[in-house]
Amino acid sequence: MPEAKIGLLSVYFGLFDDAMPAGFRQSRERFADEVRRRLADHGEVVALPLVDGPERAAEAGAVLAAASVDVVMFAPTMAAPPAWMERVLEGQEAPLVVLCAQETGSVPDDYDTEAATARSLPVGVVMATNVLVRRGRPFSSVVGEWGSPELEASLDRALRAAIAVATLRSKPLLQVGEPMDGYGDVVATEDELARLGVRTVPIAAEELAVAFQEVSPERLGAVVDEVRSDADTDAAAVADEVLSRSCRLSAALESLCDARQVCGGTVNCHGPMLRWNPDVGITACLGVTRLSARGMPFSCTGDIVTAIALVLGKAIAGAALYCELYQMDIGGDWMLVANGGEGDPAARAPGAPLRLLPEDHYRGQHGPGVAAAFELSEGPATLTSLTPVASAVGGWRMVVAEGQIVGSRHHRMEGPNAMFRFSGAPVADAYRDWCRAGATHHAALLPGYRAEEIGCAAELLGIEWTAV
C-alpha cells in the first residue's frame, strides 16, 4: 500500500474533569498518541493538537488546512461536542475515516458513572457521525476493540480504501479518444464525474501523432530492449517492425501521461485516434500494459467509468485487470473473464510466462499491434464494476463480487484470461444478479477478497455499493 499523509484529529471534553480521577486527561492524551503511532505504519502522520474547545478547534483546523493531507482520521478519545470536529474539517475534502476504538471489549458488572464517562467513546462517535450524515459528508468507519486483530485488519482496509480515493482525486485521468459510438454503458457526464471528484484530460489525435513522431531513436531502443527483456517469448513471435511500432506508441503514451501527471486513464483503439490514425495505425495494448505496470491503469473503448474502477482497484489490491465477462461454463460453475491483449503484469501468476503476440484480431491501418498474454494467479479474487445510476445514492453504484480464480488456461486467446467462480451463487444466478445490479460490460478483476475495501471506497466517495 502506498504511503500517505494522514491528518489525525482527536477530541477531549473537560466538562467532567472535576468528577474524574486524577490523570484522566493524560490518559486520553496517551491514547491519542497510541493511535498516532499505529497510523505511522501507513505514512506520515500530521498529529493535530488535542481539541478540547472551540479555540483549539480553530487552531487544529488551520494546521490541517496547511498540511495538505491525503486522509483524515477522526479518532475521538471520549464523547465531545461534534461542533469542534466540524470546525476542524471546514473546507477539508480529504477522505474521512472515523475510528471507534474501545480500549476494552467488555462492560464489567461493577461499572460506575465515572468509569462509564471515561469509556464514553461510542457516545461521542455517534454524535459525530450524526452530524456528518446530516451535512452529507461522506465517511467510512472502523469499530472494534483497540489492539484486537479484527480492528487492526479493519483499520488497514479502511486506510487502503481512503488512500485509493485520495489517489483517484489527486490526479486526472487521461482520455485518449472519444468513447465508442453507441456504447452507452462506458460514458459519464462531466457532472457525474464531478460528483466523484474526478477530472479528465483529453488528448487530441494531432497531439498523439506529434508525441508518436517525437520518440527519439534512443528512447525507442530502450523501450524495445525493456519489452524484450520482460517478455518470455520467441523473438520470431512478433515481427521487428510490429514490435517497434507498438513500443513507439507505448513511449508516446508514457510521455503524455508523465507530462499530465495522471493516475490512469482510458484509450479507444477502435477509431480515428489509434487504429485508423494514419500516423499511428495500431492498437495500444502494449502501451496500456506498460502503463499499468507503472501504476497507471487504463481501460479501452473510452470507458471512463471502468478506468475509475481500475484506479481504485489498483490502489487497493496492488493489481487490477481490465476485463470482460465472456462466457459461462455452467457445468463447471465458472465464468471466463478475459480481455483483448492488455494486462496488468502485477496480476500475473508467479512463474507464468509473459507472452507477446501480434494482435491480428484488431488490426489497424498499419497492421497489428502487440498484445500481452499471461496466466493469472489462482485463488481469491474480486470483480468490481462502477456505473452512474440516477436513482442511486450519490448518483453512482459500485458492484462487487467476490470469488475464486480456479484456472487460467485459454492460451489461444490474445490476452490475459481466467476462470472466475462466484462465491455467492452458481454462475448463472450470480451473472443474473451482476446484470440486475447494473454492472457495465467491462470490469476490474482484483486479487484477493476486496469487497470490504471496495465498500469503504464507495462510502468515502459518497456512493452506493452492492455485493453480488
Side-chain angles (χ1 to χ4, degrees), residues 95 97-98 133 138-144 150-151 153-165 168 185 195-196 305-325 328 330 333-337 347 376 378-406 418-468:
V97 178
V98 177
V133 172
F139 65 94
S140 187
S141 54
V142 177
V143 179
E150 295 80 9
L151 183 108
S154 292
L155 182 59
D156 286 346
R157 287 190 288 264
L159 285 170
R160 200 180 299 272
I163 293 168
V165 171
L168 175 67
D185 69 329
R195 291 178 190 173
L196 301 181
V305 296
T306 301
I308 296 169
L310 288 165
V311 169
L312 292 171
K314 176 80 169 175
I316 286 171
L321 184 74
Y322 169 77
C323 65
E324 298 177 345
L325 279 61
M328 293 174 284
I330 296 176
D333 191 28
W334 52 267
M335 171 76 74
L336 176 64
V337 296
L376 275 65
E378 296 185 14
T382 302
L383 281 170
T384 183
S385 178
L386 179 67
T387 183
V389 177
S391 61
V393 173
W396 288 80
R397 178 178 297 148
M398 186 79 79
V399 187
V400 185
E402 291 185 335
Q404 294 270 338
I405 294 176
V406 296
M419 302 147 64
F420 180 82
R421 178 172 292 149
F422 291 92
S423 294
V427 63
D429 294 340
Y431 177 69
R432 176 201 62 206
D433 293 342
W434 182 257
C435 294
R436 285 176 174 173
T440 65
H441 82 280
H442 296 138
L445 179 64
L446 316 178
Y449 293 135
R450 304 293 179 180
E452 184 171 341
E453 287 143 303
I454 294 296
C456 285
E459 291 172 350
L460 292 167
L461 289 166
I463 65 173
E464 183 177 303
W465 72 285
T466 185
V468 170

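Along the sequence shown, residues are numbered consecutively beginning with 1.
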State, to 0.1 Å, how close [X] and [Y] come at their nearest heavy-atom pair, and which atoms those are.
X      : Y      : value
Tyr449 : Gly403 : CE2-O, 3.3 Å
Val468 : Ala430 : CG1-O, 3.5 Å
Thr387 : Gly438 : CG2-O, 3.2 Å
Ala161 : Leu460 : C-CD1, 4.0 Å
Ala320 : Gly313 : CB-C, 4.1 Å
Pro95  : Ala162 : CG-O, 3.6 Å

Any chance you could measure [X], atom [atom1], to [Y], atom [atom2], to the nearest 0.5 Å?
X      : Y      : atom1 : atom2 : answer
Ile463 : Arg397 : CD1   : CZ    : 10.5 Å
Glu324 : His442 : CD    : NE2   : 4.0 Å
Ile308 : Trp396 : CD1   : CH2   : 4.5 Å
Cys323 : Phe420 : SG    : CZ    : 9.0 Å
Arg450 : Arg160 : CZ    : CZ    : 6.0 Å
Leu325 : Thr440 : CG    : OG1   : 9.5 Å

* To do: Indicate yes or no: does Arg157 engage Glu453 in a salt bridge with an N to O separation below 4.0 Å.
  =>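 So Arg157 does not pair with Glu453 through a salt bridge.
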
Please tell me if the side chains of [X] and [Y] come closer than 4.5 Å, counting only heavy atoms from C-beta onward.
X      : Y      : result
Val97  : Cys456 : no
Ile405 : Leu445 : yes
Ser141 : Glu459 : no

| For the side chain of Thr382 and the backbone of Glu402, is there at least one donor-acceptor N/O pair under 3.5 Å apart? | no

#### Entry: Trp334 and its side-chain contact (heavy atoms from CB on, under 4.5 Å) partner, picked from Gln404, Arg421, Met328
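Only one of Gln404, Arg421, Met328 forms a side-chain contact (heavy atoms from CB on, under 4.5 Å) with Trp334, namely Arg421.
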
Task: Passing option when Leu446 is tested against Leu310, Thr384, Val400, Leu321 for side-chain contact (heavy atoms from CB on, under 4.5 Å) - done: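 Of the listed options, the one satisfying the test is Thr384.
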
For this session: May I have the step-by-step check of side-chain contact (heavy atoms from CB on, under 4.5 Å) for Leu312 and Leu461, ending in yes or no?
Result: CA-CA 11 Å; Leu312 292 171; Leu461 289 166; 4.0 Å; yes

Does Leu383 form a side-chain contact (heavy atoms from CB on, under 4.5 Å) with Phe422? I'd like the steps, not just the answer. CA-CA 9 Å; Leu383 281 170; Phe422 291 92; 4.3 Å; yes

- Item | Step-by-step side-chain contact (heavy atoms from CB on, under 4.5 Å) determination, Met398 to Ile454 | CA-CA 8 Å; Met398 186 79 79; Ile454 294 296; 3.4 Å; yes

*asked:* Within the supplied structure, the quantity of interest is the number of heavy atoms (other residues, nucleotides, ligands) at a distance under 6.0 Å from Tyr431 OH; does it exceed 12?
replied: no

